[in-house]
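Please read the structure below before turning to the comments.
Residue numbering restarts at 1 for every chain, and letters A, B, ... go by the order of the sequence lines. Computed from heavy atoms alone, side chains included, the values below leave out hydrogens, waters and symmetry copies.
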Amino acid sequence: MSLIQLVDVTKKYDEVTALDHLSLSIEDKEYVCVLGPTGAGKTTLLRIIAGLLEPDEGKIYIAGILVNGLPPEERNAVYMFQQFALFPHMNVWQNVSFSPVIKDYQESRIKRLTLEILEMVKLADRRDAFPHELSGGMQQRVALARGIASGSRILLLDEPLGALDARLRVDLRAQLRKLAEDQELTTIHVTHDQEEALMIADRVVVIRKGKIEQMGTPHEIYTSPKSAFIMSFVGGANFFEGNVIKVDDSGSIIEILDRQKVHVSDISRNVGEKVVVAVRLEDIILGKVDGLESNIFSGMIKSTMFLGSSIEYVIKLDNGITVSSKRLISDAYKSQKPKEHVFVSFLPEKCYVFEYPKIGLLKEIEAI
Amino acid sequence: MPEVKLVNVTKRYGNIVANDNINLTINDGEYVSVIGPSGCGKTTLIKNISGIIKPDEGEIYIAGNLVNEVSIEDRGIGYVFQNIALFPHMTVWENITYGPAVKGWSPEKTNPLALEMLELIKLSARSDAYPSELSGGTQQKTAVARALTSRAELLILDEPLGALDVKVRTELRYELRKLVKDLGLTALHITHDQEEAMSISDRVIVMKRGRIVEVGNPIDLYTKPKNIFTANFVGEANFLTGIILKISDDESLIEIGDGLRLLTKNGNYNVNDRVVVAFRPEFAYITHVKMGNTLSGIITEVMYSGNIGRVRMKLSNGDPIVIKMALGIKNHQFHLNDNITINILPENILVYPYPEKGLEMELALE
């Protein structure tokens, strides 16, 4: 049985539907990341599980028990958000041992438990420091330690790393994941950072406008996106709209713009259908691929952007379309400079094909 | 046109030296970012330049003029802050044209620029909306547009994109740079996002404990950082300790334990020197033929971030390292506990003297 179950949960704020008949099951000890654009309903989802909000409709079960109406402290879940709410007048030790659960324990047990948890978050030697004497990362670790000291088995994390330096976030997310695993906690981690979600989650739930758009392992979400929205929001891609003009066993041909043809391996669409073709940035190759006869376009490098471990090229094709290509810096084409003439190619099997979205392509992929 | 120059600038708060003898020139028309861990003094730096605080020592020049005693308003600086509050009773349009209106610009001058801003932030259709009707991210974008509309020639940006969704932020940063370049502004941009700094800047300043650690163009800073702290702060890297075994011309052979040896390009050391070698995870290649140095180990963890495979492996000397590889066309498969051999080119290995206070201290981000 799932540890946490949401059944047909709806929450409205006046006109806005924050959660729209959402159902979700989370297994014991699972690490789930909830990903979605601003306003998708991520925080509402977490607060409803925590008991800080009551849904308008639907049921919430924790360990098989219906918890609708139960106060937060009876749900065995601890809710942590971005702004670490530590008690400023208490030192690290006092903050961590303050937990309402352990404060009734014997003094020796409180001491042992607090020390153990502080060692876990590598802050035992800063036990006497006050919050303002600590860095943001340390404060967040104290908040986490306090959450764990509460004895709750469920961690509900709302952008827990959002207020931290990007570099520090990378270190802390791995620590966070390990901690949850070591302590056998069940974690729901809300983030708008797709890289964070892909790196640490067992399962990623992408929500959009109060509904689950797709869920699966990070690998599934990345390699088998269900919609242009998912493809755009997780990983990003180049999108072209076109019409299917031919389908046979070997693949389909899609006409983009006026008589420009793209060959795709996908054969799930019908001739005449309006579709969206999507190609990941890393699947756009600068140069011609040996043996490839279609999907080769000529163009000019418009700009190159250095991103640290990777480089992104923006290429304006002669047909007017702009495409982006991304390479790890270690695999990058060394000589590409703006204004340089290049060929761009991509393999038919690297093309995703989606039904043309009812709201239009731009609205679909604009994750705002 | 504004060049910004700081000469021996120091600012103390009690015992803490927030800016410690800073010397820096930002050229006219240059886009410069400042990065560094929390508390490194980057905010103090821009407060000194903008006139919000006065340095205890040193001189600040803007466009050749000493401005130490010049008030904030008279320094000709435009600001974008992370948490600018919009005027709640004004529409988007009124908010972004407020600055120019106060300055007495004519609508003919203001309107095209305001329209351009609205288009840039994809808000043309919402110009009549009030802030309360917009999402947090959209409000923030309006605030950016407002600050840019009442433009000055020197723009100071303090985490201007910090409150936005990653995807929006990525799109906007490119537009931000383009805008600054098109308008010929000088920009000083503070960010906690290294990738943002790399992608947007002509030069990046790395700060630590009140001092400038390193200044350089993004590619040099990433591929040839001059010190360990920078190497660690601007991106992920593996750090191993070793001893110089042999030196020839411009190459050094370094022993990193258990008989493992790395040939490196950097030859500026003596035999028996204790050193730190570093390389970025993506500069490990898996090839059929031997290429440069080879290292073998056991795979202890495999993670995928999109098309990038991240593999943690343990070398025979016990050191853990991380490698990163595009799965793209090659479609590599990695399996736990498999043996794996990687190649690292000598020119992609960085060598540093072993730090006096130890490696861990040098790598500390907090």
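Shown here is Arg209(B), whose CZ atom has no more than 12 heavy atoms of other residues, nucleotides or ligands within 6.0 Å. Around CD of Glu133(A), the count of heavy atoms belonging to other residues, nucleotides or ligands within 6.0 Å exceeds 12. More than 12 heavy atoms of other shown residues, nucleotides or ligands fall within 6.0 angstrom of atom NZ in Lys181(B). Taking a 6.0 Å sphere around CG of Leu292(A), one finds it holds more than 12 heavy atoms contributed by other residues, nucleotides or ligands.
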Could you list the donor-acceptor pairs under 3.5 angstrom formed by side chains in residues 303-311 of chain A, with sequence neighbours left out?
from	atom 1	to	atom 2	distance (Å)
Ser303(A)	OG	Tyr174(B)	OH	3.4

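When the candidates Thr223(A), Ile221(A), Asp193(A) are compared by the number of heavy-atom contacts under 4.5 Å with chain B, Asp193(A) comes out ahead. Comparing Asp193(B), Asn232(B), Ile35(B) by heavy-atom pairs within less than 4.5 Å of chain A, the highest count is held by Asn232(B).
The part of Arg169(A) that comes within reach of chain B is its side chain, from C-beta onward, which places non-hydrogen atoms under 4.5 angstrom from that chain. With a 4.5 angstrom heavy-atom cutoff, Arg177(B) does not touch chain A via any of its atoms.
Proximity to chain A among residues 216-226 of chain B is limited to Pro218(B), Ile219(B), Tyr222(B), Thr223(B), judged by heavy-atom separations below 4.5 angstrom.
Here the CD-CZ distance, from Glu282(B) to Arg327(A), works out to 14.0 Å after rounding to the nearest 0.5 Å. We find the OG-CG distance between Ser330(A) and Leu345(B) to be 10.0 Å, quoted to the nearest 0.5 Å.
Proximity of Tyr285(B) to Asp331(A): side-chain heavy atoms (C-beta onward) are separated by under 4.5 Å at one or more points.
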